[in-house]
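Owing to the predicted nature of the structure, the values given are computational and were not obtained by experimental measurement. Order of the sequence lines fixes the chain letters, A, B, ..., with proteins taken first and strands second; residue numbering starts at 1 for each chain.
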2 protein chains.
Amino acid sequence: MADALEPEQLETYFALMEAVSLLQHAVEQQLRAEGDLSYVQFQLLARLAGAPERRLTMTELADGVVYSRSGLTHQAGLLEKAGLVTRGPSPEDQRSTLVTITEDGVARVDKVLPGHVRVARGLLFDPLSDRDLHALGDIMARVRDHMRAQPPRSAASRRRAT
Amino acid sequence: MADALEPEQLETYFALMEAVSLLQHAVEQQLRAEGDLSYVQFQLLARLAGAPERRLTMTELADGVVYSRSGLTHQAGLLEKAGLVTRGPSPEDQRSTLVTITEDGVARVDKVLPGHVRVARGLLFDPLSDRDLHALGDIMARVRDHMRAQPPRSAASRRRAT
DNA sequence: TATTGTTATACTCTATAACTATA
DNA sequence: TATAGTTATAGAGTATAACAATA
C-alpha cells in the first residue's frame, strides 16, 4: 500500500489513457465524417441493431453507455429526429419507453461499420500479434468486469434517485 | 483482409473501450470533486509540474493532450484565471507564450494525486497480476507509439495551418 | 413509495475561421 | 510565407433538479 503508483503502473496507465484517447478521437472523426454520428449514438444504434426485436427500453439502452438518464433522452431525441429510431410506450410496463431502430438506422450502422473497423484495425490491431490480441482481450475483459462490479462510483448511478 | 473484425478483435475492442470509458468517468469525477479540475486540466498541470523549469510553450504543452490550438488557449485561460499557471512571452521567440505553473498549481496537483492514484489502482490495477501489468504496459506502449506515428488522422493536426 | 422517463436549464468542452504578431 | 497564439463564435455533450406518470 504505497502512496504512489509504481513506475511501471504509471507508465502503463498513461500509455493506456493516451492510446485510447487517440483511438477515440480517430473513431469519432470517422463516425462523424462518414455517418454524422457521435460514438455514443453509434453505440446506441449498434445495441439496438443487435437486440432481439431490434428494440430496447430506455433503461436497457442506457446500461453501460450513458451516465445520466437525461443524457440518453437527449440522444434518443436526436436519433429519433434523424429518423434512425422510433419511440413508443411499452405494452408491458406503461412507464417504459421502447426504442426501436428503423431500417434507416440499421442502414446507417451498416454504412459506418466498415470505416469504423478500418480505423480500429489500423490503429489498434495492426501493431499487435495474435498473442498480444489474446492477452489484451483477456486483461481488458477482466478489468471491465471488475469496474462494472464496483459500487462506489458512477457506474451504478442509474439507480440513484436523488 | 476481411471486411469485419474477427470476433476476438471485436470483443477486445469493446472491452477496451468500455473499461477505459468507465475509468475516465471515475477519474474525472474524482478530479472534479477533490480538485475542481478536468482530466485535460490535470494533464496540463502535471506536465508543467514535471517540466525542466516548470514551464512550457503553448505548443509543447498541447502536444498529445489537446487536438486544437484554441482549445488549449481556452484551458490555459481557465487555469490562469484560477491562479494555477501564469502566461508570459518567451524571451527566445517572441511569438511563443511560456506557461508556468504556480505554487498553487503544484499544490493542486499534489492535492488530487493521491485520490487519482487511488481510483486508478482500485479500478485498473487491483484485478491485474504483475504479469498482466507488464503485458498491458508493453502492449499499450506499442499501440500508443504506433498511433502517434499515424499521419492520416488528427494526431498531427497541430501542424495544419488552414 | 419507488421507478421510468422527460423537460428545462446551465455549463463545459471542442472546433472553425478570422485575426495579430513575429520568424 | 510560415509559425505561435488569441479571439469570437457556434455547436455538441453532459448533468442536475424538478416534474409527470405508472408500478
Answer yes or no: side-chain N or O of S70(A) and base N or O of dA15(D) forming a donor-acceptor pair under 3.5 Å.
yes

Looking at the base of dG5(C), is there any donor atom on it, or on the side chain of R95(A), that sits under 3.5 Å from an acceptor on the other one?
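Answer no: no donor N or O sits under 3.5 Å from an acceptor.
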
Report the C-alpha separation of L23(B) and M17(A) in whole Å, then their side-chain angles, then the decisive distance to 0.1 Å, and conclude whether the side-chain contact (heavy atoms from CB on, under 4.5 Å) test is met.
CA-CA 9 Å; L23(B) 181 57; M17(A) 294 295 267; 4.0 Å; yes

Counting side-chain heavy atoms from C-beta on, which of [options] comes nearest to [X]?
{"X": "Q94(B)", "options": "dC13(C), dA23(C), dG5(D)", "value": "dA23(C)"}
{"X": "Y67(B)", "options": "dA15(C), dT6(D), dT22(D)", "value": "dA15(C)"}
{"X": "T59(A)", "options": "dT4(C), dT16(D), dG13(D)", "value": "dT4(C)"}

Check this one for me: any side-chain N or O of [X] less than 4.0 Å away from OP1 or OP2 of [N]?
{"X": "H25(B)", "N": "dA15(D)", "result": "yes"}
{"X": "Q75(B)", "N": "dC13(C)", "result": "yes"}
{"X": "R87(B)", "N": "dT6(D)", "result": "yes"}
{"X": "Q41(A)", "N": "dG13(D)", "result": "yes"}

Does the plane of the ring in H25(A) sit parallel, tilted or perpendicular to the ring in Y67(B)? Use 30° and 60° as the thresholds.
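Rings of H25(A) and Y67(B): parallel, under 30°.
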
Tell me whether R87(B) contacts the main-chain N or O of T97(B) through its side chain, where contact means a donor paired with an acceptor under 3.5 Å.
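Pair absent, no side-chain N/O of R87(B) close to backbone of T97(B).
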
Side-chain (Q75(B)) to main-chain (V40(B)) donor-acceptor, under 3.5 angstrom
no

When we call it a touch if two heavy atoms are under 4.0 Å apart, what does [X] touch: a base, just sugar-phosphate, or nothing?
{"X": "L72(A)", "answer": "nothing"}
{"X": "L61(A)", "answer": "nothing"}
{"X": "T57(B)", "answer": "sugar-phosphate"}

Considering heavy-atom distances to DNA chain D, does D93(A) or V40(A) have its closest nucleotide positioned more toward the 5' end?
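Nearest nucleotide further toward 5': that of V40(A).
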
Return whichever of E92(A) or S38(A) has its heavy-atom-nearest nucleotide of DNA chain D closer to the 5' end.
S38(A)

Are Y39(A) and L78(A) connected in a single hydrophobic cluster, I mean Ile/Leu/Val/Met/Phe/Trp/Tyr linked by side-chain heavy atoms less than 4.5 Å apart?
no

Ranking R32(B) and T73(A) by the position along DNA chain C of their nearest nucleotide, the one closer to 5' is T73(A)

How long is the line joining CG of D63(A) and P of dT4(C), in whole Å?
12 Å

Protein-nucleotide distance (L98(A), atom CG; dT22(D), atom P), rounded to Å
15 Å

